[in-house]
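Have a look at the structure below, then the notes.
It should be emphasised that the depicted structure is a prediction, and the values quoted were computed from it without experimental measurement.
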Amino acid sequence: MALGARLRELREQAGLTGKQLAESLGWQASKVSKIENGKQTPSVADIENWTRATDSSDEAPALLASLRTLEVQHAEWQRILRGGIRPRQNSLAELDQKTRLFRVFEPTVIPGLLQTSEYARARFAESIRIFKLPNDINEAVEGRMKRQDIFYRPDKRFHFILTEAALRFGMCSAAVMLGQLDRLVSLSALPNVKLGIIGFETQYTASPWHGFWLYDDQKVLVETYSAALNLAQPQEIELYGNVFGELSAVASYGRSARAIITRAIDDLSAQVADPSAELP
(Lines give C-alpha, C1' and ligand atoms only; values in the text may rest on other atoms or scores of the structure.)
Protein backbone atom coordinates (compact mmCIF):
# COMPACT_ATOMS: atom_id res chain seq x y z
CA MET A 1 0.00 0.00 0.00
CA ALA A 2 2.90 2.39 0.78
CA LEU A 3 4.35 1.64 -2.64
CA GLY A 4 1.00 2.40 -4.29
CA ALA A 5 0.61 5.62 -2.33
CA ARG A 6 4.04 6.82 -3.46
CA LEU A 7 3.21 6.02 -7.09
CA ARG A 8 0.00 8.03 -6.74
CA GLU A 9 1.98 10.99 -5.39
CA LEU A 10 4.28 10.88 -8.42
CA ARG A 11 1.28 10.81 -10.79
CA GLU A 12 -0.40 13.73 -9.05
CA GLN A 13 2.86 15.73 -8.98
CA ALA A 14 3.06 15.21 -12.74
CA GLY A 15 -0.46 16.66 -13.12
CA LEU A 16 -1.86 13.46 -14.63
CA THR A 17 -5.17 11.80 -13.94
CA GLY A 18 -5.26 8.05 -13.65
CA LYS A 19 -6.92 7.82 -17.05
CA GLN A 20 -4.26 10.03 -18.68
CA LEU A 21 -1.43 7.99 -17.20
CA ALA A 22 -3.04 4.73 -18.29
CA GLU A 23 -3.51 6.03 -21.86
CA SER A 24 0.11 7.18 -22.04
CA LEU A 25 1.26 3.69 -21.06
CA GLY A 26 -1.28 1.78 -23.16
CA TRP A 27 -2.92 0.27 -20.04
CA GLN A 28 -6.48 -0.29 -18.96
CA ALA A 29 -7.49 2.61 -16.68
CA SER A 30 -8.32 0.15 -13.90
CA LYS A 31 -4.67 -0.98 -13.70
CA VAL A 32 -3.55 2.42 -12.37
CA SER A 33 -6.25 2.35 -9.70
CA LYS A 34 -5.41 -1.23 -8.67
CA ILE A 35 -1.70 -0.46 -8.30
CA GLU A 36 -2.30 2.73 -6.35
CA ASN A 37 -4.71 1.02 -3.97
CA GLY A 38 -2.52 -2.03 -3.37
CA LYS A 39 -4.85 -4.44 -5.19
CA GLN A 40 -2.24 -5.31 -7.81
CA THR A 41 1.51 -5.60 -7.33
CA PRO A 42 3.37 -3.70 -10.08
CA SER A 43 6.11 -5.42 -12.05
CA VAL A 44 9.60 -4.00 -12.47
CA ALA A 45 8.61 -2.83 -15.97
CA ASP A 46 5.46 -1.19 -14.59
CA ILE A 47 7.51 0.90 -12.14
CA GLU A 48 10.07 1.84 -14.76
CA ASN A 49 7.33 2.91 -17.21
CA TRP A 50 5.39 4.76 -14.45
CA THR A 51 8.38 6.82 -13.35
CA ARG A 52 9.30 7.57 -16.96
CA ALA A 53 5.78 8.76 -17.78
CA THR A 54 5.67 10.96 -14.65
CA ASP A 55 9.15 12.38 -15.27
CA SER A 56 10.44 10.90 -12.03
CA SER A 57 12.92 8.28 -13.21
CA ASP A 58 15.24 9.24 -10.36
CA GLU A 59 12.66 7.69 -7.98
CA ALA A 60 12.81 4.31 -9.72
CA PRO A 61 15.66 2.73 -7.68
CA ALA A 62 13.92 3.39 -4.33
CA LEU A 63 10.58 2.17 -5.66
CA LEU A 64 12.16 -1.00 -7.05
CA ALA A 65 13.80 -1.63 -3.66
CA SER A 66 10.36 -1.35 -2.03
CA LEU A 67 8.99 -3.82 -4.57
CA ARG A 68 11.72 -6.35 -3.78
CA THR A 69 11.02 -5.98 -0.04
CA LEU A 70 7.34 -6.68 -0.64
CA GLU A 71 8.18 -9.80 -2.63
CA VAL A 72 10.46 -11.10 0.14
CA GLN A 73 7.93 -10.34 2.87
CA HIS A 74 5.00 -11.98 1.14
CA ALA A 75 5.92 -15.31 -0.41
CA GLU A 76 2.89 -17.11 -1.79
CA TRP A 77 2.34 -20.66 -0.51
CA GLN A 78 1.50 -22.04 -3.94
CA ARG A 79 4.86 -20.91 -5.23
CA ILE A 80 6.74 -22.15 -2.15
CA LEU A 81 5.04 -25.55 -2.16
CA ARG A 82 4.84 -26.10 -5.91
CA GLY A 83 7.46 -28.84 -5.74
CA GLY A 84 5.92 -30.55 -2.71
CA ILE A 85 6.21 -30.20 1.06
CA ARG A 86 9.63 -31.82 1.58
CA PRO A 87 11.57 -28.94 -0.06
CA ARG A 88 9.90 -26.57 2.41
CA GLN A 89 11.19 -28.72 5.27
CA ASN A 90 14.68 -28.53 3.78
CA SER A 91 14.58 -24.73 3.62
CA LEU A 92 13.35 -24.54 7.23
CA ALA A 93 16.16 -26.88 8.27
CA GLU A 94 18.67 -24.45 6.78
CA LEU A 95 17.10 -21.63 8.81
CA ASP A 96 17.20 -23.84 11.93
CA GLN A 97 20.95 -24.31 11.50
CA LYS A 98 21.53 -20.53 11.48
CA THR A 99 19.41 -19.85 14.57
CA ARG A 100 20.53 -20.09 18.20
CA LEU A 101 17.37 -18.91 20.01
CA PHE A 102 13.92 -19.99 18.84
CA ARG A 103 10.88 -18.21 20.27
CA VAL A 104 7.64 -19.75 19.08
CA PHE A 105 4.00 -18.98 19.86
CA GLU A 106 1.21 -21.17 18.50
CA PRO A 107 -2.44 -20.75 19.58
CA THR A 108 -4.00 -23.55 17.50
CA VAL A 109 -1.47 -26.20 16.43
CA ILE A 110 1.54 -28.01 17.84
CA PRO A 111 4.69 -26.40 16.35
CA GLY A 112 6.46 -28.53 13.74
CA LEU A 113 9.60 -29.07 15.83
CA LEU A 114 7.48 -30.56 18.64
CA GLN A 115 5.31 -32.81 16.49
CA THR A 116 5.20 -36.60 16.48
CA SER A 117 5.38 -38.25 13.07
CA GLU A 118 1.68 -39.16 13.26
CA TYR A 119 0.60 -35.60 14.13
CA ALA A 120 2.88 -34.22 11.38
CA ARG A 121 1.35 -36.66 8.90
CA ALA A 122 -2.13 -35.35 9.75
CA ARG A 123 -1.02 -31.75 9.20
CA PHE A 124 0.71 -32.52 5.89
CA ALA A 125 -2.32 -34.50 4.65
CA GLU A 126 -4.43 -31.42 5.36
CA SER A 127 -2.05 -29.17 3.40
CA ILE A 128 -1.93 -31.56 0.44
CA ARG A 129 -5.73 -31.68 0.30
CA ILE A 130 -6.40 -27.95 0.76
CA PHE A 131 -3.62 -26.61 -1.45
CA LYS A 132 -3.80 -29.47 -4.00
CA LEU A 133 -0.09 -30.19 -3.66
CA PRO A 134 2.02 -33.08 -4.98
CA ASN A 135 1.79 -35.95 -2.50
CA ASP A 136 5.25 -36.36 -0.99
CA ILE A 137 3.91 -36.90 2.51
CA ASN A 138 6.36 -39.67 3.49
CA GLU A 139 9.35 -37.56 2.49
CA ALA A 140 7.86 -34.52 4.26
CA VAL A 141 7.33 -36.42 7.51
CA GLU A 142 10.89 -37.75 7.29
CA GLY A 143 12.18 -34.20 6.78
CA ARG A 144 10.24 -32.83 9.75
CA MET A 145 11.47 -35.61 12.05
CA LYS A 146 15.05 -35.07 10.92
CA ARG A 147 14.76 -31.37 11.82
CA GLN A 148 14.14 -32.39 15.44
CA ASP A 149 17.74 -33.61 15.79
CA ILE A 150 18.45 -29.96 16.50
CA PHE A 151 17.08 -30.38 20.04
CA TYR A 152 20.25 -32.26 20.92
CA ARG A 153 22.53 -29.41 19.88
CA PRO A 154 23.81 -27.73 23.09
CA ASP A 155 24.22 -24.37 21.33
CA LYS A 156 20.49 -24.13 20.56
CA ARG A 157 17.79 -22.83 22.92
CA PHE A 158 14.03 -23.12 22.47
CA HIS A 159 11.16 -21.25 24.08
CA PHE A 160 7.73 -22.49 23.04
CA ILE A 161 4.39 -21.07 24.18
CA LEU A 162 1.17 -22.92 23.37
CA THR A 163 -2.39 -22.23 24.37
CA GLU A 164 -4.43 -24.98 26.02
CA ALA A 165 -6.65 -24.85 22.93
CA ALA A 166 -3.74 -26.15 20.83
CA LEU A 167 -3.70 -29.23 23.08
CA ARG A 168 -7.39 -29.88 22.56
CA PHE A 169 -8.41 -28.93 19.01
CA GLY A 170 -9.71 -32.01 17.15
CA MET A 171 -7.26 -31.84 14.25
CA CYS A 172 -6.37 -35.55 14.33
CA SER A 173 -7.61 -38.71 16.01
CA ALA A 174 -7.68 -38.80 19.79
CA ALA A 175 -5.10 -41.62 19.75
CA VAL A 176 -2.68 -39.52 17.67
CA MET A 177 -3.24 -36.48 19.90
CA LEU A 178 -2.62 -38.57 22.97
CA GLY A 179 0.78 -39.60 21.63
CA GLN A 180 1.47 -35.96 20.76
CA LEU A 181 0.72 -34.80 24.30
CA ASP A 182 3.02 -37.47 25.73
CA ARG A 183 5.71 -36.16 23.41
CA LEU A 184 5.24 -32.62 24.76
CA VAL A 185 5.75 -33.85 28.32
CA SER A 186 8.98 -35.62 27.30
CA LEU A 187 10.38 -32.65 25.39
CA SER A 188 9.59 -30.26 28.24
CA ALA A 189 12.24 -32.08 30.29
CA LEU A 190 15.06 -31.25 27.88
CA PRO A 191 17.49 -28.73 29.43
CA ASN A 192 17.45 -26.37 26.44
CA VAL A 193 13.66 -26.42 25.97
CA LYS A 194 11.33 -24.04 27.82
CA LEU A 195 7.69 -24.98 27.26
CA GLY A 196 4.96 -22.65 28.43
CA ILE A 197 1.24 -23.42 28.34
CA ILE A 198 -1.44 -20.73 28.64
CA GLY A 199 -4.42 -22.38 30.31
CA PHE A 200 -8.02 -21.56 29.53
CA GLU A 201 -8.40 -19.77 32.85
CA THR A 202 -5.53 -17.35 32.17
CA GLN A 203 -6.14 -13.61 31.75
CA TYR A 204 -4.27 -12.54 28.59
CA THR A 205 -2.45 -9.21 28.36
CA ALA A 206 -1.82 -9.63 24.61
CA SER A 207 -4.38 -11.17 22.30
CA PRO A 208 -3.35 -14.53 20.75
CA TRP A 209 -4.16 -13.39 17.22
CA HIS A 210 -1.93 -15.79 15.32
CA GLY A 211 1.11 -17.99 15.63
CA PHE A 212 4.62 -16.79 14.84
CA TRP A 213 8.26 -17.88 15.00
CA LEU A 214 11.07 -15.54 16.08
CA TYR A 215 14.49 -16.63 14.80
CA ASP A 216 17.03 -14.91 17.07
CA ASP A 217 16.52 -11.19 16.50
CA GLN A 218 16.82 -11.58 12.76
CA LYS A 219 13.47 -12.70 11.41
CA VAL A 220 9.79 -13.32 12.17
CA LEU A 221 7.92 -16.00 10.23
CA VAL A 222 4.12 -15.90 10.11
CA GLU A 223 2.26 -18.54 8.13
CA THR A 224 -1.26 -17.84 6.87
CA TYR A 225 -3.58 -19.83 4.60
CA SER A 226 -2.30 -18.02 1.51
CA ALA A 227 1.23 -16.89 2.30
CA ALA A 228 4.33 -17.04 4.44
CA LEU A 229 5.27 -13.62 5.78
CA ASN A 230 8.99 -13.14 6.37
CA LEU A 231 9.37 -10.02 8.49
CA ALA A 232 12.84 -8.59 8.97
CA GLN A 233 12.36 -4.88 9.72
CA PRO A 234 13.82 -4.01 13.17
CA GLN A 235 10.54 -2.44 14.32
CA GLU A 236 8.62 -5.59 13.32
CA ILE A 237 11.02 -7.85 15.19
CA GLU A 238 10.84 -5.60 18.25
CA LEU A 239 7.03 -5.65 18.14
CA TYR A 240 6.83 -9.43 17.95
CA GLY A 241 9.47 -9.71 20.65
CA ASN A 242 7.33 -7.54 22.92
CA VAL A 243 4.20 -9.61 22.16
CA PHE A 244 6.13 -12.80 22.90
CA GLY A 245 7.20 -11.28 26.22
CA GLU A 246 3.57 -10.50 27.12
CA LEU A 247 2.46 -14.04 26.27
CA SER A 248 5.37 -15.71 28.06
CA ALA A 249 4.63 -13.68 31.20
CA VAL A 250 1.18 -15.26 31.60
CA ALA A 251 2.16 -18.82 30.54
CA SER A 252 2.61 -21.67 33.01
CA TYR A 253 5.88 -23.59 33.07
CA GLY A 254 7.38 -26.73 34.59
CA ARG A 255 5.05 -28.66 36.85
CA SER A 256 2.14 -26.27 36.22
CA ALA A 257 2.47 -26.66 32.43
CA ARG A 258 2.65 -30.43 32.71
CA ALA A 259 -0.49 -30.37 34.87
CA ILE A 260 -2.39 -28.65 32.03
CA ILE A 261 -1.08 -31.21 29.54
CA THR A 262 -1.99 -34.08 31.87
CA ARG A 263 -5.48 -32.67 32.19
CA ALA A 264 -5.85 -32.83 28.41
CA ILE A 265 -4.39 -36.36 28.38
CA ASP A 266 -6.93 -37.54 30.95
CA ASP A 267 -9.81 -36.15 28.91
CA LEU A 268 -8.56 -37.73 25.68
CA SER A 269 -7.81 -41.12 27.24
CA ALA A 270 -11.52 -41.78 27.61
CA GLN A 271 -12.03 -41.12 23.91
CA VAL A 272 -9.22 -43.50 22.87
CA ALA A 273 -10.93 -46.28 24.87
CA ASP A 274 -14.05 -45.76 22.75
CA PRO A 275 -13.30 -45.89 18.97
CA SER A 276 -16.67 -44.32 18.19
CA ALA A 277 -15.38 -41.16 19.88
CA GLU A 278 -12.56 -40.63 17.31
CA LEU A 279 -12.18 -36.96 16.45
CA PRO A 280 -12.59 -35.87 12.80
Side-chain angles (χ1 to χ4, degrees), residues 1-83 87-88 91-92 95 103 105-108 127 130-133 206-247:
M1 188 64 183
L3 176 59
R6 181 56 183 146
L7 289 170
R8 179 189 291 114
E9 287 178 356
L10 294 177
R11 174 180 60 76
E12 291 174 348
Q13 288 171 7
L16 296 172
T17 65
K19 181 178 180 182
Q20 289 171 329
L21 176 60
E23 288 176 349
S24 71
L25 296 174
W27 294 353
Q28 295 287 331
S30 60
K31 182 173 179 177
V32 171
S33 175
K34 288 179 180 177
I35 290 176
E36 290 183 348
N37 289 291
K39 296 180 179 178
Q40 178 177 337
T41 303
S43 67
V44 171
D46 289 340
I47 289 179
E48 291 175 343
N49 290 331
W50 190 297
T51 54
R52 190 179 304 114
T54 56
D55 195 25
S56 56
S57 294
D58 56 330
E59 295 283 343
L63 293 168
L64 291 172
S66 296
L67 176 63
R68 285 191 289 272
T69 300
L70 278 176
E71 290 177 337
V72 169
Q73 287 183 339
H74 188 279
E76 296 178 11
W77 272 121
Q78 289 294 330
R79 175 161 52 83
I80 292 174
L81 301 177
R82 192 171 296 149
R88 173 63 173 168
S91 64
L92 290 174
L95 186 56
R103 288 174 290 171
F105 171 68
E106 289 290 0
T108 58
S127 295
I130 291 178
F131 301 118
K132 298 179 174 57
L133 303 175
S207 300
W209 284 353
H210 58 74
F212 59 88
W213 289 59
L214 268 163
Y215 293 89
D216 291 324
D217 290 323
Q218 302 298 314
K219 177 177 179 176
V220 180
L221 174 61
V222 181
E223 295 182 347
T224 73
Y225 281 110
S226 63
L229 303 179
N230 297 285
L231 310 177
Q233 296 294 321
Q235 64 271 26
E236 294 172 319
I237 294 171
E238 182 181 4
L239 172 61
Y240 275 88
N242 291 339
V243 171
F244 190 85
E246 295 270 352
L247 294 167

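The salt bridge (charged side-chain N to carboxylate O under 4.0 Å, His left out) analysis of residues 16-31, with sequence neighbours excluded, yields the pairs Lys31-Asp46.
At least one side-chain heavy atom of Leu64 sits under 4.5 Å from a side-chain heavy atom of Val44. Annotation: side chain of Thr41 is not in contact with side chain of Leu3 (no heavy-atom distance under 4.5 Å). For the pair Leu239/Val220, no side-chain contact is recorded, criterion being any heavy-atom separation below 4.5 Å from C-beta on. Looking at heavy atoms from C-beta onward, Lys219 lies out of side-chain contact with Leu231 at the 4.5 angstrom threshold. Under the 4.5 Å side-chain criterion, counting only non-hydrogen atoms from C-beta, Ile35 is in contact with Trp27. Taking 4.5 Å as the limit, some side-chain heavy atom of Phe212 sits within range of a side-chain heavy atom of Val243.
Evaluation of the salt bridge (charged side-chain N to carboxylate O under 4.0 Å, His left out) rule for Asp216 yields no partner, not counting sequence neighbours. For Asp217, the side chain to side chain donor-acceptor pair (under 3.5 Å) partners are Arg103, not counting sequence neighbours. Residues passing the side-chain contact (heavy atoms from CB on, under 4.5 Å) test with Gln20, sequence neighbours excluded: Leu16, Thr17. Glu48 pairs by the side chain to side chain donor-acceptor pair (under 3.5 Å) definition with nothing, not counting sequence neighbours. Legend: residues meeting side chain to side chain donor-acceptor pair (under 3.5 Å) with Glu246, ordered by chain and number and at least two apart, are Thr205.
Closest approach of Leu25 to Ala53, counting heavy atoms only: CD2-CB, 3.9 Å. Between Phe131 and Tyr225, the closest heavy-atom pair is CE2-O, 3.0 Å. Nearest heavy-atom pair, Leu21 versus Arg11, reported as atom, atom and distance to 0.1 Å: CD2-CD, 3.8 Å. Closest approach of Thr51 and Ala60 over heavy atoms only: OG1-CB, 3.8 Å. Here the closest non-hydrogen pair linking Trp50 and Arg8 is CZ2-N, 4.4 Å. The two residues Thr54 and Ser56 make their nearest non-hydrogen contact at OG1-OG, 2.7 Å.
Here the straight-line distance linking atom OH of Tyr215 with atom CD1 of Ile237 works out to 12.5 Å at 0.5 Å rounding. Note: Tyr240 OH to Leu214 CG = 9.0 Å, rounded to the nearest 0.5 Å. Atoms CD and CD, from Glu9 and Glu59 in turn, are 9.0 Å apart once rounded to the nearest 0.5 Å. Asn230 CG to Leu95 CG: the interatomic distance, rounded to the nearest 0.5 Å, is 8.5 Å.
Atom CD of Gln28 has 12 or fewer neighbouring heavy atoms from other residues, nucleotides or ligands inside a 6.0 Å radius.
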Intermediate values then yes/no, side-chain contact (heavy atoms from CB on, under 4.5 Å), Asp55 and Leu10: CA-CA 9 Å; Asp55 195 25; Leu10 294 177; over 6 Å; no
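The residues Arg88 and Glu223 are annotated as salt-bridged, a charged nitrogen and a carboxylate oxygen being separated by less than 4.0 angstrom.
Under the 3.5 Å distance criterion, the side-chain polar atoms of Trp213 are left unmatched by any main-chain donor or acceptor of Val222.
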